[in-house]
Number of protein chains: 2
Amino acid sequence: MYTINEVATACNISAHTIRFYDKEGLLPFITRNSTRKRQFSEADLEVIKLICCLRNSGMQVKEIKQYIDLCMQGKETAPVRRELLIDHRKAILRQIDDYKKNLNIVDLKIAFYDSYIAAPHAGYDPMKFMLENKKS
Amino acid sequence: MYTINEVATACNISAHTIRFYDKEGLLPFITRNSTRKRQFSEADLEVIKLICCLRNSGMQVKEIKQYIDLCMQGKETAPVRRELLIDHRKAILRQIDDYKKNLNIVDLKIAFYDSYIAAPHAGYDPMKFMLENKKS
DNA sequence: GTAGCACTTAGAGTTCAATCTAAGTCAAAT
DNA sequence: ATTTGACTTAGATTGAACTCTAAGTGCTAC
């Protein structure tokens, strides 16, 4: 069994956050020891790691709660849970795509600075356009 | 010249948000017409599009403000601005990488559900492990 | 046994980024 | 001329996700 701090370290979150998740109903499965302190099994740790994965990939706490609630309802909800994860998978792919598009724009801007610094008075180009082209 | 709503539509944000960015000092360059209404040039629009790109790729408003402040200081800050964008570029790459890692975990979980739904009592496997393996 | 520390709780506070509200201005349309 | 509607402002509110506080409990080491 792990303590709250061991889990916190393993998952790279704070003990505060674990208690917050518990309060939000994300950890209905954890048990307490004789002195009412939370104790975490290997299985609990794995679940919390998945929760962190979902959070870190942009799923909201309340959506994660829905997933956990489904888990607690039993194995007949497995197909629904699978659908939920497939939807989230699509959301992750969208995010990656958005980030890549923004990366392209930033790269163009960096390329502008490269040429601008080399030759500050280079001619106008829509993709280089920024405050350089304004009278301040 | 564009109105605030035209810019909002073009950038896929609200007029509220544009005023908020202005209040936060992100738009020190915009001018007003005779009736004190904001008017946006093509150059302004391009800057706001870059601001949206930076925001959408995770840069905080106050960091964007630093970038804009540098822009307003004149062309001698171009190298610093370039460095700032290169740092942000790294941040975007980190984000993409994190998302990809989380995508892998979600994919493994979906694969677990695929096999689990096909044969609910398949043997234990650490990567499939979740609430299925707990006594509720 | 008592000092120190890690834990517990409910609930308050913080931060970020909007988003909304209320009160008011302005110009065109009826 | 008055109504409509879009704009303006400062400042309040929202919502998400923590993060901290205060008060208290209980184990361990001296």
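We name chains A, B, ... by the order of the sequence lines, and we start the count at 1 in each one. In this text, all values refer to a predicted model and were calculated from it rather than measured experimentally.
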Does this structure show an ion pair linking B:Asp98 with B:Arg94, if we count only N-O contacts that are shorter than 4.0 Å?
no
B:Arg55: side chain to side chain contact (heavy atoms under 4.5 Å, CB included) partners, not counting sequence neighbours
B:Tyr21, B:Val61, B:Ile64
Is any side-chain heavy atom of A:Arg89 closer than 4.5 Å to a side-chain heavy atom of A:Ile92?
no
Side-chain donor-acceptor distances from residues 6-13 of chain B under 3.5 Å, at least two apart:
| residue | atom | partner | partner atom | Å |
| --- | --- | --- | --- | --- |
| B:Glu6 | OE1 | B:Thr3 | N | 2.8 |
| B:Thr9 | OG1 | B:Asn5 | O | 2.9 |

Go through the side-chain N and O atoms of B:Tyr113 and A:Arg81 and say whether any donor and acceptor fall under 3.5 Å apart.
yes
In whole Å, what is the span from the CD1 atom of A:Ile4 to the C1' atom of C:dA6?
11 Å
Salt bridge (charged side-chain N to carboxylate O under 4.0 Å, His left out) pairs, two or more places apart, involving residues 57-67 of chain A
A:Lys65-A:Asp69
Taking the six-membered ring of A:Phe20 as reference, does the NZ or CZ atom of A:Lys23 fall below 6.0 Å from its centre and within a 45° cone about the axis?
no
Heavy-atom contacts under 4.0 Å between residues 51-58 of chain B and DNA chain C, which residues?
B:Arg55
Side chain of B:Arg19 only, heavy atoms from C-beta on: which candidate in D:dC18, D:dT9, C:dC7 is closest?
D:dT9
A:Tyr21 vs D:dA17: side-chain N/O to OP1/OP2 distance below 4.0 Å:
no
Below 4.0 Å: OP1/OP2 of D:dG26 and any side-chain N or O of A:Arg32:
no
With sequence neighbours left out, what residues match A:Asn33 under side-chain hydrogen bond (donor to acceptor under 3.5 Å, both in side chains)?
A:Thr35
Find the distance A:Ile64:CD1 to D:dA16:P and express it as a whole number of Å.
13 Å
Atom NZ of A:Lys62 and atom P of D:dG15 are separated, to the nearest Å, by 9 Å
Nearest whole Å is fine: how far is C:dT8 C1' from A:Asn5 CG?
13 Å
Protein-nucleotide distance (A:Lys65, atom NZ; D:dA17, atom C1'), rounded to Å:
16 Å
Rounded to whole Å, CG of B:Leu26 lies from P of C:dA17 at a distance of 10 Å
Closest heavy-atom pair, B:Ala15 versus B:Ile4, reported as atoms and distance to 0.1 Å, is O-CD1, 3.7 Å
How long is the line joining CZ of A:Arg38 and C1' of C:dC7, in whole Å?
9 Å
Separation of C:dA18 P from B:Gln60 CD (nearest whole Å):
11 Å
Please encode protein proximity along nucleotides 19-30 of chain C as a string of B, S and -, counting only heavy-atom distances under 4.0 Å.
BBB----SS---
